[in-house]
Undergrad: 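Input: one structure, supplied below.
From a predicted model like this one, the values you see are computed outputs, not experimental measurements.
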Amino acid sequence: GNSVTQMEGPVTLSEEAFLTINCTYTATGYPSLFWYVQYPGEGLQLLLKATKADDKGSNKGFEATYRKETTSFHLEKGSVQVSDSAVYFCALSRETSGSRLTFGEGTQLTVNP
Amino acid sequence: GAGVSQSPSNKVTEKGKDVELRCDPISGHTALYWYRQRLGQGLEFLIYFQGNSAPDKSGLPSDRFSAERTGESVSTLTIQRTQQEDSAVYLCASSLQASYNEQFFGPGTRLTVL
């Protein structure tokens with residue numbers, strides 16, 4: 001079946017540090033890949049997505065590239081801010097499964113000033 | 001416009017009682033999903049509805065769980081004879097259609113079974 005494995009947290013960084021959160025997946029066919037973010041006290045929201053191999057999703061300074069050869073979709077940001085503190089979830093979906101999302105376990109990021 | 005709404009936001013119940021959780025999707029969204037998030041874990045899929053098609057119930061953990069949706073509007077998730085392991089945040093999401101990539105999530109219902 002489909003699965004997503006995320007880098008374990010929590011992750012604590014200083015402001016302006018470089019961020020990488022690793023994500024690898026197992027799926028048949030060609031899934032779409034996503035990063036969702038959950039800010040404290042808020043609902044889950046889509047951060048970025050990629051729908052085919054070599055696509056790069058980007059938003060709010062975050063980037064992730066769909067790497068089919070390594071089945072990975074690592075999240076990166078060059079300079080994190082305190083406001084980036086949140087829980088980040090990697091996820092995949094397949095249209096043949098009704099596009100339901102399969103999530104990783106989430107990575108808690110704390111950015112200190 | 002209005003996003004996905006869920007009610008109640010919090011529910012505390014005693015073991016063995018039935019509970020009903022409600023989801024109002026974004027107007028015009030034909031696909032609706034229920035997920036469960038246990039403490040410290042990722043979200044797990046429970047069930048999804050697409051228009052008038054038969055729902056995909058493959059994620060429901062037991063026959064104590066059921067869900068209904070009236071047309072393309074409100075959905076209710078019912079848990080009968082609740083157990084302590086049912087304690088979790090129950091999230092609802094909707095999308096324009098099942099083949100569309102972006103799902104919009106509600107704020108969730110936090111269920112605590114004592």
Undergrad: Would you mind checking which part of A:Gln38 comes under 4.5 Å of any heavy atom in chain B, side chain (CB onward), backbone (N, CA, C, O), both or neither?
TA: side chain
Undergrad: On a heavy-atom basis, which atom in B:Gly3 and which in B:Ile26 lie closest, and how many Å separate them?
TA: C-CG1, 3.7 Å
Undergrad: Cationic tip of A:Arg100 within the cone over B:Tyr48's six-membered ring, i.e. under 6.0 Å and within 45° of the normal?
TA: no
Undergrad: What I'd like to find out is whether the side chain of A:Lys49 reaches to under 4.5 Å of the side chain of A:Leu33, using heavy atoms alone.
TA: no
Undergrad: Could you tell me which of A:Thr102, A:Val87, A:Leu44 has the largest number of non-hydrogen atom pairs under 4.5 Å with chain B?
TA: A:Leu44
Undergrad: Does the ring center of A:Tyr36 lie less than 6.0 Å from the ring center of A:Phe89?
TA: no
Undergrad: Chain A heavy atoms under 4.5 Å from B:Glu44: which part of the residue, side chain, backbone, both or neither?
TA: neither
